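The figures here come from the full heavy-atom set of this structure, side chains too, leaving out hydrogens, waters and symmetry mates. The structure displayed is predicted, hence computed values, not measured ones.
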Amino acid sequence: MPPVIDPRICKVCGKCADICPEDVFFGSEKKQVPVVSYPDDCWHCNSCVYECPVEGAIKLRIPLPMHVVYKPGTK
Ligand code: SF4
Ligand code: SF4
C-alpha cells in the first residue's frame, strides 16, 4: 500500500516528496500536503517515513505478502 499522510499533523515540509526515489508524490506543491499521485510506483523503501519529522504524519502499509511470518520451531 502506498503512504498515507495525516493532513491534521503534517507540517507540509515536503521532505517525504523530496526523498522519494519514485514519482509517488508527483505534482505535489510546496507548502501543501503532498499528494500521492502514483501509488503503484511505491516500492515500500520507507524513506519517506524515516525522513518525516513528525511522528505518525506519514504511514506506510506494507502489503501482506511482504510480511515475514514467524513460525516457532521452523528455520
Ligand atoms: S516508501 Fe519509498 S517509494 Fe514509497 S512513497 Fe515512500 S519514499 Fe517513495
Ligand atoms: S515529511 Fe511528514 S510532515 Fe513533511 S510533508 Fe511529508 S508527511 Fe508532511
Side-chain angles (χ1 to χ4, degrees):
M1 293 270 298
V4 177
I5 296 175
D6 186 342
R8 296 169 302 173
I9 57 175
C10 172
K11 287 191 172 176
V12 298
C13 66
K15 288 186 175 181
C16 54
D18 288 343
I19 197 76
C20 181
E22 301 293 335
D23 284 338
V24 176
F25 301 100
F26 181 81
S28 295
E29 303 279 343
K30 294 282 179 200
K31 301 196 174 172
Q32 288 187 22
V33 176
V35 291
V36 179
S37 306
Y38 295 110
D40 291 343
D41 283 1
C42 176
W43 52 283
H44 313 101
C45 68
N46 224 21
S47 298
C48 53
V49 176
Y50 280 123
E51 193 70 6
C52 179
V54 185
E55 175 86 33
I58 183 166
K59 290 180 181 162
L60 203 64
R61 289 190 219 141
I62 307 297
L64 195 58
M66 290 178 71
H67 282 256
V68 175
V69 179
Y70 173 71
K71 281 177 116 181
T74 58
K75 291 188 177 179

| task | With sequence neighbours left out, write down each residue that passes side chain to side chain contact (heavy atoms under 4.5 Å, CB included) with Val12, or none if nothing qualifies. | result | Cys10, Val33
| If every non-hydrogen atom of Phe25 is compared with every non-hydrogen atom of Cys16, which pair is closest and at what distance? | CE1-O, 3.7 Å
| remark: Cluster membership besides Tyr38, Ile/Leu/Val/Met/Phe/Trp/Tyr side chains within less than 4.5 angstrom, sorted by chain and number, is Phe26
| remark: The remaining residues in the hydrophobic cluster of Ile19, counting side-chain heavy-atom contacts under 4.5 Å among Ile, Leu, Val, Met, Phe, Trp and Tyr, are none
| Tell me, which pairs form a salt bridge (charged side-chain N to carboxylate O under 4.0 Å, His left out) where one or both residues lie in residues 46-60, sequence neighbours left out? | none
| Does a side-chain heavy-atom distance below 4.5 Å link Cys42 with Leu60? | yes
| Any donor-acceptor pair under 3.5 Å from Ser28 side chain to Val35 backbone | yes
| According to the side-chain hydrogen bond (donor to acceptor under 3.5 Å, both in side chains) rule, which pairs have a member within residues 4-14, sequence neighbours left out? | Asp6-Arg8
| query | Which atom pair, heavy atoms only, marks the closest approach of Pro53 to Lys15? | reply | CD-CD, 4.4 Å
| said: Applying side chain to side chain contact (heavy atoms under 4.5 Å, CB included), can you list everything that pairs with Cys52, at least two apart in sequence or on another chain? | reply: Val54, Ala57, Ile58
| field | salt bridge (charged side-chain N to carboxylate O under 4.0 Å, His left out) partners of residues 21-45, not counting sequence neighbours, each pair once | value | Asp18-Lys30
